Amino acid sequence: MNNGEIKAWVDLLAHAEDMKGRHLRELFESEENRFDGLSFTAENFLLDLSKQRITKQTLSQLTALAEQQSLGEWIEKLFTGEQVNVSERRSALHTALRLPKENKLKVNGQMVTNDVHASLEKMESLVKQVQQGQWRGFDGRPIRSIVNIGVGGSNLGPLMACDALEQYTPLESKLLDVHFVSSMDGSELEKLLPWLEPATTLFIIASKTFTTIDTLANANTAREWLLKASGKPVELINQHHFIAATGNVERAEKWGVPEKNQLLFWDWVGGRYSLWSVIGLPIALKVGMENFRDILKGAHAMDVHFRETSFDKNLPVLLGLIGVWNINFLNIHAHTILPYDGRLAHLPSYLQQLEMESNGKSVNGKGERLNYRTCPVLWGEVGSNAQHAFYQLLHQGTELVMCDFITAALRYDGEGEELQLQHQLSLANCLAQSRLLALGDESASDLSYQHYDGNQPSTTIMLDELTPETFGGLIALYEHKVFVQSVIWEINPFDQWGVEKGKKVASSLLAEFESNVSDYLDSSTQGLIQRVQAQRGQHEN
Ligand code: F6P
């Protein structure tokens, strides 16, 4: 986009000049019902934008920008399976993974909905076998421990969901413990394996490509552990102890996962958009298939809202546009995710991948360099813990930071009074922090180090309650927000070429540790490898 020629962009630049001089305190003072005018609802969700540095005019100019960037047409392209992932010539049809069975979707002659539901059914039957103790390990005992081996999109979504929805674990899954292993160096496996019973442990190798070295290294270590413990042939171990959730059937087969243990998905599902597919198997094992289907249902409800609601009331559109406003017009390049709910502890890491791997780009879909900013640096933590870690910077540092506060209105229904009070305490802290960040406070003291400047913009997303459905809706909300921003910035959010090169460089360096270090390498890399070799030498002597 030549942004200088886009009228809505130019208008927003002018409007931002006016808004930069206005403090949120002043905006709240001048509009009595600011919350009513700048908060929006969809079923089970409230999005409060009143603590953003905006007016209604800002929102109407932002929606004009969305119109000018043909957002409506792009949304249709996404949902109907056009090849929006241009560099890889693929559709990005994660929305099809949560379509009800009766909503038929055909893309390029393939009845996508049928495939999706067939794969869900295979997953369901497998979940049942494990839950009912029919899936047995090498000595005939039923499976009790599940270990998901995967990384990035094959780890973060299932990990987050299992943790967030643990309270929904049905009786039939109560005997199962579900673990996650991702790190390439084997740290997690090293700690976990001594606590597991080999004969009753089932590993899921979760990898879209089935080429990710981190995952394969962990899978190989796990298999060696089983082989040693059982003394059984490898075919038997593969059959009883490994399931593949993958898009690469050939590789999975070559590794040794038999056909009946393969759960498949398609190249039109991006890794970081895959928790809705068979990659969600650990979620279904942990919280049950019914709850997994409710997650899909909640995401689908958000899809419908996104596709059918006018931009000025559309939650993902507004969330995306607010980000664009902060980044491109108010020059705010840091974004923190603050769930005031310990169940969403993994949401920040999940969103780090979703947002930064999708929109951390500096060329547009045609490969041309951009002359405007895109995805900000994003990080986060459970809000109340972050208060004791990095809020000092939010309140009194030199950086402008946009914050997302995420909370649920209701929790612990029917539980003890103490827990309900803890929830209220958490809510009070959530609201107090966003209020102080917005309004600041210079009244208490003459000492500048006790002043709070305020004017840090924030969004509050309030769920009525955290349930499988609202969880699905929340994640779909962020997925679509990322898509909205990519359309405004004209980038392809569905590829990740930036992470490919590093993998190649790493594999070419591997051999260097075993020989004389090549002198084509830079002196830092040579020096560090030599240091490792010297330490090893000393250790061996
Ligand atoms: O390296 C990045 C990445 O490709 C992510 O996009 C993906 O989620 C992750 O690696 C894992 O990939 P796979 O599921 O193919 O093992």
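Just follow the structure's listing: the first ligand is 1, and inside any ligand the first atom is 1. This is a predicted model, so every value here is computed, not measured.
Ranking protein heavy atoms by distance to atom 8 (O) of ligand 1, first place goes to G153 N, 2.8 Å. Distance from atom 10 (O) of ligand 1 to its nearest protein heavy atom, with residue and atom name: K503 NZ, 4.3 Å. Closest protein heavy atom to atom 9 (C) of ligand 1: V151 O, 3.7 Å. For atom 15 (O) of ligand 1, the closest non-hydrogen atom on the protein side is T209 OG1, 2.6 Å. The nearest heavy-atom contact from the protein to atom 3 (C) of ligand 1 is E357 OE2, 4.1 Å.
The main-chain N or O of V257 is found under 3.5 Å from a side-chain atom of Q262 such that the two form a donor-acceptor pair.
Atom 7 (C) of ligand 1 has its nearest heavy-atom neighbour, among R272, Q353, E500, in Q353. Here atom 12 (O) of ligand 1 lies nearest to T212 when heavy atoms of L216, T212, N155 are compared.
Of the N and O atoms on the side chains of S187 and D185, at least one donor lies less than 3.5 Å from an acceptor on the other residue.
With a 4.0 Å heavy-atom cut-off, ligand 1 is reached by the side chain of V499 but not by its N, CA, C or O.
With sequence neighbours left out, F79 forms a ring-ring contact (aromatic ring centres under 6.0 Å, His included) with H480.
Partner of P316 under the side-chain contact (heavy atoms from CB on, under 4.5 Å) criterion, out of L47, L321, V482, L477: L477 alone.
Annotation: S154 places an N or O atom under 3.5 Å from an N or O atom of ligand 1; distance criterion only.
Classification of the H241-F138 ring pair by plane angle, with boundaries at 30° and 60°, yields tilted.
Here E490 does not pair with K366 in a salt bridge; the nearest charged N to carboxylate O distance is not below 4.0 Å. Checked for salt-bridge contact, E500 and K503 meet the test: a charged N lies under 4.0 Å from a carboxylate O.
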